[in-house]
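First the structure, in the form of structure tokens, and then the observations on it.
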Amino acid sequence: MKKIENIPWPDTLLEGKYRLEKEIGAGGMGRVFQATHVVIGRQVAIKMLRSKSDTGRDDDVLAARFLNEARAAGSIGHDNICEVTDVGKAPDGSPFLVMPLLNGKSLDGLLGRGKMVDIGRAADITAQVLRALEAAHGQRIVHRDLKPANVFLMRLGDRADFVKLLDFGISKVLGDAAADITRTGAVAGTPSYMAPEQARGLRHTDERVDIYATGVMLYESLTLRRPFDGESYNEVLYKILTEPFPAPRTLRPEIPPDLEAVILQAMSRDPSGRFSSAAEMRAALSRSAGLPIS
């Protein structure tokens, strides 16, 4: 077989069945490849850890995150969540996850075009994210790293923006301290989308951190601005904890007042001021944006 640039072990079948073909994505901790299951001929996505020499991180922690993602995404079973269908180990012993190969773009990619998203479209995408969260939270799983890069938009039938929620690597099962891979005082998540209690490094967080992050994503989708941004990680965290942010309608006046109210409630600094559940937020969002409620 001809050697493929940047593909590890190009002549090797992972677990004897997955042939890597090309790299289709990369992050700080992992790489994603298009691959083919040679027995049934189906194309899949393989998510593989970077080596410790590349990341400088503890392999045991990263491996735990991979297994955490496999358990969470594989157990929820919802159409708006990208499931993990298999796990295995590469020739160097590092774990990998197998997922369906999705065709489309992330919400991050959509926002990166620099054009504000239509209000109805943004509301529909957010409603689907909330449906996924209803399923996850129903099994006591909190995502904890919601951001546009983890919201994938694909065509399914006649729907152009069918949502698949990705990356449950730092998710948390409520009430299961043994399964929580973060430490007290550790800040888990992506700064601009963190709820204040996450920014403080509090261990006892719940579903409302996902409600907050969903509000941030809707804010960004409608205004092309994040409520809090800065030149450093710590600056963003400080702003989340101490500073106000511009109301959405000051940046885009055509946003309906009721929809702005949904965003502001979702982003309440006090968790008790937020929606109590993803279902409650979805119902309020649907009423404010004229979406069907089911």
Side-chain angles (χ1 to χ4, degrees), residues 1 4 6-52 54-55 57-106 131-133 135-136 138-146 149-156 162-173 176 178-181:
M1 180 179 176
I4 306 172
N6 294 326
I7 300 292
W9 323 291
D11 297 313
T12 301
L13 292 178
L14 299 181
E15 297 282 310
K17 53 189 172 182
Y18 301 110
R19 188 182 301 282
L20 299 180
E21 295 171 349
K22 63 180 179 179
E23 184 168 352
I24 56 176
M29 297 298 126
R31 303 166 69 185
V32 181
F33 299 91
Q34 178 179 307
T36 294
H37 191 304
V38 296
V39 177
I40 60 177
R42 177 177 295 173
Q43 288 191 319
V44 297
I46 301 284
K47 185 175 182 179
M48 188 176 296
L49 277 177
R50 292 184 183 274
S51 67
K52 185 175 182 179
D54 288 339
T55 64
R57 295 291 302 275
D58 184 342
D59 287 344
D60 291 339
V61 172
L62 297 183
R65 288 189 175 183
F66 254 51
L67 292 176
N68 201 53
E69 180 173 0
R71 292 189 190 100
S75 67
I76 298 169
H78 190 272
D79 288 345
N80 290 122
I81 292 175
C82 184
E83 63 181 333
V84 172
T85 59
D86 199 3
V87 297
K89 285 190 175 181
D92 67 351
S94 60
F96 67 84
L97 308 180
V98 183
M99 299 168 288
L101 182 65
L102 304 179
N103 293 308
K105 58 183 174 296
S106 68
R131 284 186 183 276
L133 292 178
Q139 296 197 31
R140 305 287 286 164
I141 294 171
V142 183
H143 190 285
R144 297 200 298 181
D145 196 21
L146 290 176
N150 287 337
V151 176
F152 197 85
L153 308 175
M154 59 180 288
R155 177 170 289 278
L156 185 66
F162 192 85
V163 167
K164 288 286 188 178
L165 189 58
L166 311 175
D167 199 351
F168 281 76
I170 62 169
S171 64
K172 169 184 175 180
V173 180
D176 187 358
D180 190 354
I181 58 176

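As a basis for the values below, the full set of heavy atoms in this structure was taken, side chains included, without hydrogen atoms, waters or symmetry mates.
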N80 to V163 - nearest heavy-atom pair and separation: ND2-O, 2.8 Å
I need the Q139 CD to H78 NE2 distance, nearest 0.5 Å. 11.0 Å
Step-by-step side-chain contact (heavy atoms from CB on, under 4.5 Å) determination, V151 to L166: CA-CA 6 Å; V151 176; L166 311 175; over 6 Å; no
Do K47 and V32 make a side-chain contact, defined as non-hydrogen atoms from C-beta onward lying under 4.5 Å apart? yes
K89 vs E15, side-chain contact (heavy atoms from CB on, under 4.5 Å): CA-CA, chis, key distance, verdict: CA-CA 7 Å; K89 285 190 175 181; E15 297 282 310; 4.3 Å; yes
When rounded to the nearest 0.5 Å, the distance separating CD of Q34 from CD of Q43 is 4.0 Å
Looking only at atom types and distance, does a side-chain atom of E21 sit under 3.5 Å from a main-chain N or O of F33, one as donor and one as acceptor? no
Please indicate whether K105 has more than 12 foreign heavy atoms, meaning atoms of other residues, nucleotides or ligands, lying under 6.0 Å from its NZ. yes
Any idea which heavy atoms bring C82 and L102 closest together, and the distance? SG-CD1, 4.0 Å
Nearest 0.5 Å, what's the CG-CG distance between L165 and L146? 5.5 Å
Are the side chain of T36 and the backbone of R19 linked by a donor-acceptor contact shorter than 3.5 Å? no
Derivation of the salt bridge (charged side-chain N to carboxylate O under 4.0 Å, His left out) call for D79 and R131: CA-CA 9 Å; D79 288 345; R131 284 186 183 276; over 6 Å; no
Full working for side-chain contact (heavy atoms from CB on, under 4.5 Å) between D86 and K17: CA-CA 11 Å; D86 199 3; K17 53 189 172 182; 3.3 Å; yes
Spacing of R42 atom CZ and T85 atom OG1 [to the nearest 0.5 Å]: 8.5 Å
Would you please test L101 and I24 for side-chain contact (heavy atoms from CB on, under 4.5 Å) and show each step? CA-CA 10 Å; L101 182 65; I24 56 176; 3.7 Å; yes
Beyond-backbone contact of F96 with V98, side-chain heavy atoms, under 4.5 angstrom: yes
Quick check for you: to the nearest 0.5 Å, what is the distance between I46 atom CD1 and L14 atom CG? 6.0 Å
Has H143 got a side-chain atom pairing as donor or acceptor with D167's backbone, closer than 3.5 angstrom? yes
Of the non-hydrogen atoms in N103 and F152, which two are nearest, and what is the gap between them? C-CE2, 3.7 Å
